[in-house]
Amino acid sequence: MQKWAMFSLFIIACLLGAGVLFQNISARQAEMAKEETAGPSIKFVATNYQFDKPEYTAKAGEKMTVSLMNKEGLHALEIVGTNVKLDNNTKSMDVTFDKPGTYEVHCVLPCGPGHADMKTKIVVS
Ligand SMILES: [Cu+2]
């Protein structure tokens, strides 16, 4: 009788595990589908202590998605002159650059010795 109970528990645990796994997979697929259908975007990939590009480009008046990926270390950023602030809680936002120009982007989370130099820019034309 006890063996049966153990066996049943084991089966239930397996089913739960598979359920969680499946849910994760479909959530990820939905996220990927969303990314594919999205319009223009900029993805800032942050490492210690720089962003993956010295300069990003965008078009004025066009709604776009900006996102942050912390590949190494923990960083947050703001785009000066906009309301965009990204960190590990808010990983992406939509933004429209109204005017052409150069927008400074910098890390706003004290992340280590290279923090002060952790800057990049977006050239909007
Ligand atoms: Cu920093």
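We use all heavy atoms of the structure for the numbers below, so side chains are in, but hydrogens, waters and symmetry mates are not. Counting starts at 1 for both ligands and their atoms, in listed order. Each residue takes its place number in the sequence, starting with 1.
Across every non-hydrogen atom of I79 and Y103, the tightest pair is CG2-CB, 4.0 Å. Residues T96 and G61 come closest through the heavy atom pair CG2-C, 3.6 Å. The shortest non-hydrogen separation linking P40 to M64 is O-CB, 3.2 Å.
Listed by first and then second residue, the side-chain hydrogen bond (donor to acceptor under 3.5 Å, both in side chains) pairs that reach into residues 105-125 are E78-H106, E104-H106, sequence neighbours excluded.
If you check the side chains of N48 and H75, you find a donor sitting under 3.5 Å from an acceptor.
Between Y56 and V66 there is no side-chain heavy-atom pair separated by less than 4.5 Å.
Annotation: protein N, O or S atoms under 2.8 Å of the Cu ion (ligand 1) (waters excluded) comprise C107 SG, L109 O, C111 SG, H115 ND1.
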